[in-house]
Amino acid sequence: MTYLDHNATSPLRPEVLDAMWPWLNKHHGNSQSVHQAGRFSRQAVEHARQQVAALVGCEAAEVIFTAGATEADNWALSGLRSGQPRLVGATEHDAVLQAVPDARRLAVEASGQITPEGLRMQIAAQGGALLSIMWANNETGVLNDIPALAAVAAEHGCGLHSDAVQAAGRVPVNFQASGLEAMSLSSHKMGGPLGAGALIVRRGVEIARGQRGGSHEGGLRAGTLNVPAIVGFGHACEMLQTEMSRESGRIQAWRDAFEQRLRQTFPEVEIYGADAPRIPNTSFFSLPGWHSEALLMALDKHDLALASGSACHSGTDTPSHVLAAMGVPTERALGAVRMSLGYSSQDSDLDQLLDALVAIDATRGHGSVFGELLGP
C-alpha cells in the first residue's frame, strides 16, 4: 500500500519507536511517584516538554500534555474565557466545531482563508471574546496568517486559540511571536505515536481545569501521563526541528509537480486552495462527475491510500463543510479527494497516483463497478 494520507495520521517513525521502546518494556515508573523510578519517568516527561516547546517557540512551562488535539481543542474552547461568547472559523476541524456547536461562525474567503480585514468586520458585526482559527486547514492545507489575525483579535479585546495540528512541523510556528492565547498540537501528525498531544497556554492566561482527580500537569489536567507516548512525541518534535526546512522543500516540489501534471492530464480538475498559501504536503482536488468515496475505493484497488477530507468524516455521503464554506458547489465537493505527503513519501508515489487516476478514468462508462460508481 502506498500511503498518501499523512494529514489523517502519519506512520510512526522508526527512530521515534526506538526512543519509546525503553519506556514500553523497561521503565515503568509513574511520573507522579516520588521513588527513583517515578523521578526517572518525570525527567523523561520534562525533557519531552522542552522538545515540544523548542519546535513551536514557546516556554516549556506553557506545554500541557493531553491525549491528543481533540482534547486540547475541546479544553481550549471550554476553559478559556469561560462563559464568554465564542467565534470559530467555518472551516475548523470538528474537534472545534462540535466543542461549541452554538458558537458563531466566521466566514472564509473563496480561498479558504480568513483575512485580517474580514475578521475585523466580522468581530465588529458579531461580537465575541474568544476566537478559534486554525493555522492550517486539514483538508485544503490552506494557511491563515495567525499573527495578523491575533493582532486584530487583540484590537477588539478578544483572545485567539489556534488548532496548529497540520502546521506544526511542516511550516515554521512560533507561539511566542504569534499573539495567540492558546494552541493545540497532535503527536501522530508528526510521525509520533497516537494518543499524545498538547495544549499550549500562554503564561499568565487563565484556563479552567480540565480533568479532575490529581495534581498532574500543574494541577490543570488530572490523570496518569502516558510516558511512552509523550517521549515519542518529544522525539518526533526534535527530529522535525532539524529536518523541517529540508523535508518541506522536497515535499512541496513533488506536490507542485504532481499538480502541474494533474492539470495537464485532466484540464477540468479543480485544486482547492491552490491560489492561497498552503502547507507543502497537501493537494485537495476534484474532477467533474467523480464521486470521492467511489474514487477512494478504486484507488484502494490500486494500492493507494488517500482521503475524502477529514478522517472524521470518512464514510459519509455529505460534502465537505470546508468546501461548502468556500462556496464550492455540492456536486464538485462530493468528488473531492485529498492527497497528503509525509516523511515516508517518495516522488514515485505520485507517479503511481497519476497512473491510477488515468486507469480509473478509462473504466468510466464501460460497465465496470468503478464506472458505475464514478458516473458517466
Side-chain angles (χ1 to χ4, degrees), residues 31-32 41-82 95-96 99 129-136 144 146-147 149-151 153-154 158-187 189-190 192 195-212 214-223 225-227 229-238 240-241 244:
S31 63
Q32 292 296 106
S41 291
R42 188 159 58 252
Q43 289 169 2
V45 168
E46 295 310 313
H47 180 60
R49 202 183 307 275
Q50 293 171 357
Q51 291 170 310
V52 173
L55 177 67
V56 298
C58 70
E59 299 177 21
E62 295 173 322
V63 178
I64 308 169
F65 286 117
T66 66
T70 295
E71 180 191 344
D73 284 342
N74 274 250
W75 187 7
L77 270 294
S78 63
L80 293 168
R81 302 192 180 218
S82 299
V96 167
L130 177 67
L131 284 57
S132 186
I133 301 173
M134 61 199 332
W135 203 304
N144 283 305
I146 291 299
L149 298 178
C158 302
L160 179 61
H161 159 263
S162 185
D163 180 325
V165 164
Q166 301 294 345
R170 292 176 178 149
V171 294
V173 168
N174 188 311
F175 180 75
Q176 288 299 335
S178 70
L180 290 170
E181 285 194 350
M183 181 173 74
S184 302
L185 303 175
S186 175
S187 164
K189 311 295 187 180
M190 302 181 181
L199 180 63
I200 316 297
V201 180
R202 187 173 294 277
R203 182 186 292 274
V205 171
E206 293 187 4
I207 186 167
R209 292 179 67 182
Q211 299 173 177
R212 297 177 179 270
S215 59
H216 311 77
E217 294 300 273
L220 291 173
R221 181 187 182 271
L225 294 177
N226 184 347
V227 176
I230 289 171
V231 167
F233 183 15
H235 194 77
C237 287
E238 184 173 284
L240 285 169
Q241 189 176 12
M244 181 175 58

Chemist: Listed by chain and number, what are the side-chain hydrogen bond (donor to acceptor under 3.5 Å, both in side chains) partners of S187, not counting sequence neighbours?
Modeler: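 Result, side-chain hydrogen bond (donor to acceptor under 3.5 Å, both in side chains) vs S187: none returned.
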Chemist: Using the side-chain hydrogen bond (donor to acceptor under 3.5 Å, both in side chains) criterion, which residues pair with T66? Sequence neighbours excluded.
Modeler: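 With sequence neighbours excluded, T66 shows a side-chain hydrogen bond (donor to acceptor under 3.5 Å, both in side chains) to no residue whatsoever.
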Chemist: Under the rule for side chain to side chain contact (heavy atoms under 4.5 Å, CB included), what residues qualify as partners of S186, not counting sequence neighbours?
Modeler: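 Side chain to side chain contact (heavy atoms under 4.5 Å, CB included) list for S186, sorted by chain: A69, V165, H188, K189.
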Chemist: In chain order, what residues pass the side chain to side chain contact (heavy atoms under 4.5 Å, CB included) check against S132, with sequence neighbours excluded?
Modeler: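 Once residues adjacent in sequence are excluded, the partners of S132 under the side chain to side chain contact (heavy atoms under 4.5 Å, CB included) criterion are L77, V88, E92, V96, H161.
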Chemist: So, do I64 and V201 sit near enough that their side-chain heavy atoms are less than 4.5 Å apart?
Modeler: yes
Chemist: For residues 167-177, pull every pair meeting salt bridge (charged side-chain N to carboxylate O under 4.0 Å, His left out), keeping only residues two or more places apart or in separate chains.
Modeler: none
Chemist: What residues, two or more places apart in sequence or in another chain, satisfy salt bridge (charged side-chain N to carboxylate O under 4.0 Å, His left out) together with E238?
Modeler: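 Salt bridge (charged side-chain N to carboxylate O under 4.0 Å, His left out) check on E238 returns nothing, list empty.
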Chemist: Decide yes or no for Q241 and Q51: does some side-chain heavy atom of the first lie under 4.5 Å from some side-chain heavy atom of the second?
Modeler: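 They are not in contact (no side-chain heavy atoms under 4.5 Å apart), so the answer is no.
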Chemist: R49: which residues meet the salt bridge (charged side-chain N to carboxylate O under 4.0 Å, His left out) condition with it, sequence neighbours left out?
Modeler: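 R49 satisfies salt bridge (charged side-chain N to carboxylate O under 4.0 Å, His left out) with E46, E217 once adjacent residues are dropped.
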Chemist: Who pairs with L240 by side chain to side chain contact (heavy atoms under 4.5 Å, CB included), at least two apart in sequence or on another chain?
Modeler: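 Residues passing side chain to side chain contact (heavy atoms under 4.5 Å, CB included) with L240: L55, M190.
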Chemist: Per the salt bridge (charged side-chain N to carboxylate O under 4.0 Å, His left out) rule, what does the pair list look like for residues 196-210, sequence neighbours excluded?
Modeler: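 Non-adjacent pairs meeting salt bridge (charged side-chain N to carboxylate O under 4.0 Å, His left out): E59-R203.
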Chemist: If you define the side chain from C-beta out and look only at heavy atoms, does anything of N144 sit under 4.5 Å from W135?
Modeler: no
Chemist: Identify, with sequence neighbours excluded, every residue that meets side chain to side chain contact (heavy atoms under 4.5 Å, CB included) alongside A229.
Modeler: P193, A196, N226
Chemist: Kindly write out the residues that satisfy side-chain hydrogen bond (donor to acceptor under 3.5 Å, both in side chains) with Q43, not counting sequence neighbours, or none if the list is empty.
Modeler: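 If we apply the side-chain hydrogen bond (donor to acceptor under 3.5 Å, both in side chains) test to Q43, skipping adjacent residues, there are no hits.
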